[in-house]
Protein chains: 2
Amino acid sequence: MTNSDTSDGSHLMSIAAVERDCGLPKDTLRVWERRYGFPNPLRDRHDERMYPADQVATLRLIRRLVEAGHRPGKVVGRSDEDLSELLRQVGVPAVQVIGAEARQVLELLGACDAAGLRDVLHATVLRDGLGAFAAEIGPGLAEAVGAAWSRGELEIHQEHLFTEQFTTVLRSAINAAQGAGLPRRRPRVLFSTFPQEPHSLGLLMAEAMFTLEGCLGISLGVQTPIPEIAAAARAHKADILAISFSSMIPALQALAGLNELRALVPETVEIWAGGACPGLRPKPGVSVLRALSAIGPAVTAWRAREDEGSTPE
Amino acid sequence: MTNSDTSDGSHLMSIAAVERDCGLPKDTLRVWERRYGFPNPLRDRHDERMYPADQVATLRLIRRLVEAGHRPGKVVGRSDEDLSELLRQVGVPAVQVIGAEARQVLELLGACDAAGLRDVLHATVLRDGLGAFAAEIGPGLAEAVGAAWSRGELEIHQEHLFTEQFTTVLRSAINAAQGAGLPRRRPRVLFSTFPQEPHSLGLLMAEAMFTLEGCLGISLGVQTPIPEIAAAARAHKADILAISFSSMIPALQALAGLNELRALVPETVEIWAGGACPGLRPKPGVSVLRALSAIGPAVTAWRAREDEGSTPE
DNA sequence: TGGCATATTTGTCCAGGACAAACATCTGGA
DNA sequence: TCCAGATGTTTGTCCTGGACAAATATGCCA
C-alpha cells in the first residue's frame with residue numbers, strides 16, 4: 001500500500017509513479033535496470049527504488065524514441081545529448097508537408113494561447129465545414145501535433161491543451177449538426193474505445209462523420225471494457241460498433257480485442273474499426289476503415305444492404 | 001511480450017487482460033490467489049494463469065464490493081449469490097434522499113435511453129440555470145449514479161453513457177456562458193487532475209462555476225503529470241490551479257501530489273483542491289473547497305485580496 | 001530483389017518473501 | 001458519552017532472479 005507518488009523534498013519518485021508518468025510498466029523498468037544498467041535509481045531505507053527527477057526525464061525521452069521505432073537496447077543508457085539528437089531526426093520528414101493550418105496551430109500552441117487556438121479551430125470548422133474538418137483537417141492537425149511532441153517541440157501540457165480545445169470545438173459542432181433538422185435514422189452506431197485506449201479525438205471525429213450521414217450515434221466514451229461494449233450493443237440494439245484505435249496501441253492487442261468482441265456480439269451487428277493504428281487489418285466480421293472519409297460511402301453501402309435484405313421478402 | 005488479451009475459443013483471459021478488464025493489478029490477483037484461494041485460474045502449457053470468464057465476472061462483483069468499503073478478506077472466495085446479496089445492501093441508505101431528478105435519470109439509464117437522458121439534463125440546465133446545475137444538481141446526480149452502480153443496478157456501460165451525456169450537456173452550457181457577453185477577467189484559472197485521476201466530471205463542474213464568475217479558465221483535461229501542471233502554470237501565467245479529486249483516489253496520494261505541486265510553483269500561484277475525496281485537508285498554500293458552491297465566494301475573496309494588494313502602492 | 005530459416009532482443013510472467021500503510025479494535029481520560 | 005491515542009490485523013505493493021515466447025533483426029538461397 002505504499003504508494004507515495006513522490007518524495008517530499010528531493011523529488012524522488014517511486015516505481016509506481018514512474019510507471020504512470022512515463023508509461024513504462026514496472027517490470028520493464030526493472031528489467032532495463034538489470035540489463036542495461038539504466039535507470040539506476042536510489043534505494044530508500046526499505047530497499048525500494050526511488051527515481052531521481054533527471055532519470056525520469058531521460059526515461060521520457062527514451063520512451064519517445066522507442067515509440068518511434070528505436071530499439072531499447074540501442075538507446076537505453078545513452079546520454080541525454082545523444083537522445084535529443086536522435087529525437088530531432090524523428091518525424092522530421094513530416095515537417096515538409098505540414099499545412100498552413102497546422103503551422104498556425106503549432107505556433108499558437110507554442111505560445112500557449114488557448115483562446116486563439118479555439119478561435120482558429122472554430123473558424124476552420126465554419127469555413128470548411130464539419131465534414132472536411134473531421135475527415136481531413138482534424139487528423140492532419142492531430143498528426144502534426146503528435147509529431148511535434150515526439151520531436152520534443154511541445155510539452156505534454158501543450159498537447160493536453162490542444163486535445164481539450166479541439167474537443168470543445170468539435171463537440172459543439174457535432175451538437176449543432178445534430179440539432180439541425182436532418183432526420184436521424186439507422187444505422188444505429190455505438191462508439192467507444194478499448195480499455196487500453198484513452199484517446200478520444202479519433203472517436204469524436206468518427207462521431208462527427210456518422211452524424212453528418214444522419215446516423216443514430218451513441219457514444220460510450222473511451223476505455224469501455226470489451227464485455228461492456230457487447231452488453232451495450234444489446235441494450236441499445238446497435239447496428240454497428242465503431243471502435244477507434246490510436247497509433248499508440250499495439251496492433252496485436254487491438255486485433256485480439258476485436259476477436260473477443262466479435263465473439264460476444266451476434267453476427268448481425270457489424271464491427272467497424274478505424275484509426276491510426278498501423279497493423280489494423282480486416283478479418284471476418286470486422287471491417288477496417290482506413291480513413292474517416294470512408295465512413296460516408298460505408299454508411300451508404302450499409303443502408304443499401306439493409307434495404308436489399310428487407311425488401312425481398 | 002505475450003499479451004494475448006483473451007484466448008481463442010474457450011474464453012480464457014491472461015492476467016494482463018484481467019487486470020485491464022477488472023481494474024485489479026496483477027500483483028493483487030496473484031496475492032489473492034495465494035491467500036484466499038480465489039481466483040483459481042487454469043494454467044496454459046507454459047504455466048501462465050488463464051482466467052475462465054465466470055471467475056472474471058465474479059472478480060468484477062468483488063471489485064465493486066471492495067470499492068464500496070468491504071474488506072477483501074471478507075468477500076473474496078464467497079459465492080456469487082452471497083456477493084450479489086451484499087451488493088444489494090450497498091448504498092441503500094442513499095435511496096431515501098434521492099431526488100425526483102435522480103430517479104428519472106436512473107430510470108432513463110436503466111432503459112439505455114441516451115436521447116431522453118440528454119433531453120432531461122438539458123431541460124434541467126435551462127430550468128434551474130447553469131449555476132444550480134453544476135453546483136447542486138450535477139453532484140447529486142453523479143453520486144446517485146455512482147451509488148446505483150455500486151449497488152449493481154447499473155452496468156459499467158450505463159455509467160459511461162451517463163458520463164458522456166452529462167459531459168455533452170454541461171460543456172455546451174459552458175460554451176454558451178462563455179459566449180454570453182460577460183467580460184472575462186482575472187483570476188486566470190488552470191484546471192486539471194493528477195495522473196491517477198481519470199474522472200472529468202468534477203473538473204467540468206468546477207469549470208462551469210469559475211466561468212460563471214467571469215474568470216479566465218483554461219482546462220488541460222484530466223491526468224496531467226504534476227511537473228507538467230507546474231510548467232503550464234508558468235506558461236499560462238495562472239493565478240489559480242484548480243485540481244479535482246474524485247472519491248476513488250486515496251487521500252494520501254492526493255496530499256502527496258499537492259505537496260509536490262506546491263513545491264514546483266511560486267507562492268503567488270494559489271492551489272485550490274476540491275472534489276468528493278474524503279481525506280482532503282487544507283495545508284499551507286493549498287485551499288480546499290468542500291463544495292462547488294464555495295467557488296463563487298472564494299473568487300470574490302481572491303479579487304478583493306488582489307485589489308488590496310495592488311492599490312496601496 | 002524478395003521469401004524463408006535462424007539468431008537476438010525484449011517484454012511479460014512466475015514464485016514466494018517482506019514490509020508499511022490502511023484499517024479495525026481496544027484503552028484511558030475529559 | 002465520546003474522542004484521542006496505542007495496539008493488532010489486514011492488505012497492496014515491492015523485491016529478486018529466473019524463464020520463455022513474441023517481436024525484430026540477420027543470414028541465406030533462389
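Naming: A, B, ... by sequence-line order, numbering from 1 per chain.
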Novice: Assign Arg30(A) to base, sugar-phosphate, or nothing according to its heavy-atom contacts below 4.0 angstrom with the strands shown.
Specialist: base
Novice: Can you name the closest pair of heavy atoms from Pro227(B) and Leu264(B) and give their distance?
Specialist: CA-CD1, 4.0 Å
Novice: May I have the distance from Arg45(B) (atom CZ) to dA21(D) (atom P), rounded to whole angstrom?
Specialist: 6 Å
Novice: Using atom CZ of Arg35(A) as one end and atom P of dT16(D) as the other, report the distance to the nearest whole Å.
Specialist: 15 Å
Novice: In whole Å, what is the span from the CG atom of Asp47(A) to the P atom of dG17(D)?
Specialist: 11 Å
Novice: Taking all non-hydrogen atoms of both residues into account, name the closest pair between Val286(A) and Arg262(A) and its distance.
Specialist: CG2-CD, 4.3 Å
Novice: Among the nucleotides dA15(C), dT11(D), dC15(D), which one has an atom lying closest to any side-chain atom of Pro72(B)?
Specialist: dT11(D)
Novice: Round to a whole Å and report the spacing from CZ of Arg63(A) to P of dT10(C).
Specialist: 17 Å
Novice: With a 3.5 Å distance limit and no angle check, can you tell me whether Ser192(B) reaches the backbone of Gly221(B) through a side-chain donor-acceptor pair?
Specialist: yes
Novice: CG of Leu29(B) versus C1' of dT12(C): gap in Å, rounded?
Specialist: 15 Å
Novice: For the side chain of Arg71(B), counting heavy atoms from C-beta on, which of dT10(D), dT16(D), dT13(D) is nearest?
Specialist: dT10(D)
Novice: Of the options dT24(D), dC14(D), dT16(D), whose atoms approach the side-chain atoms of Glu48(A) most closely?
Specialist: dC14(D)
Novice: Identify, between His46(B) and Glu19(A), the residue whose nearest nucleotide on DNA chain D lies closer to the 5' end.
Specialist: Glu19(A)
Novice: Between dC13(C), dG12(D), dT12(C), which nucleotide has the shortest distance from any of its atoms to the side chain of Pro25(A)?
Specialist: dT12(C)
Novice: Whole angstrom is fine here: how far is it from CD in Glu67(B) over to P in dT11(D)?
Specialist: 16 Å
Novice: Answer yes or no: is there a donor N or O on one side and an acceptor on the other, between the side chain of Glu197(A) and the main chain of His199(A), under 3.5 Å?
Specialist: yes
Novice: Roughly, in whole Å, what's the span from CD1 in Ile62(B) to P in dT11(D)?
Specialist: 12 Å
Novice: Indicate whether OP1 or OP2 belonging to dT12(C) is found under 4.0 Å from a side-chain N or O atom of Ser14(B).
Specialist: no
Novice: Can a salt bridge be assigned to the pair Glu33(A) and Arg43(A) using a cut-off of 4.0 Å between side-chain N and carboxylate O?
Specialist: yes
Novice: Does Val31(B) or Asp27(A) map to a spot on DNA chain D nearer the 5' end, using the closest nucleotide for each?
Specialist: Val31(B)
Novice: For dT13(D), does either OP1 or OP2 sit under 4.0 Å from a side-chain N or O belonging to Thr28(B)?
Specialist: yes
Novice: Starting from P on dT12(C), measure out to NZ on Lys26(A) and report it in whole angstrom.
Specialist: 13 Å
Novice: Choosing from dT10(D), dT13(D), dT10(C), which nucleotide comes nearest the side chain of Tyr36(A)?
Specialist: dT10(C)
Novice: Would you kindly compare Gly69(B) and Arg34(A) by the position of their nearest DNA chain C nucleotide and give the one closer to the 5′ end?
Specialist: Arg34(A)
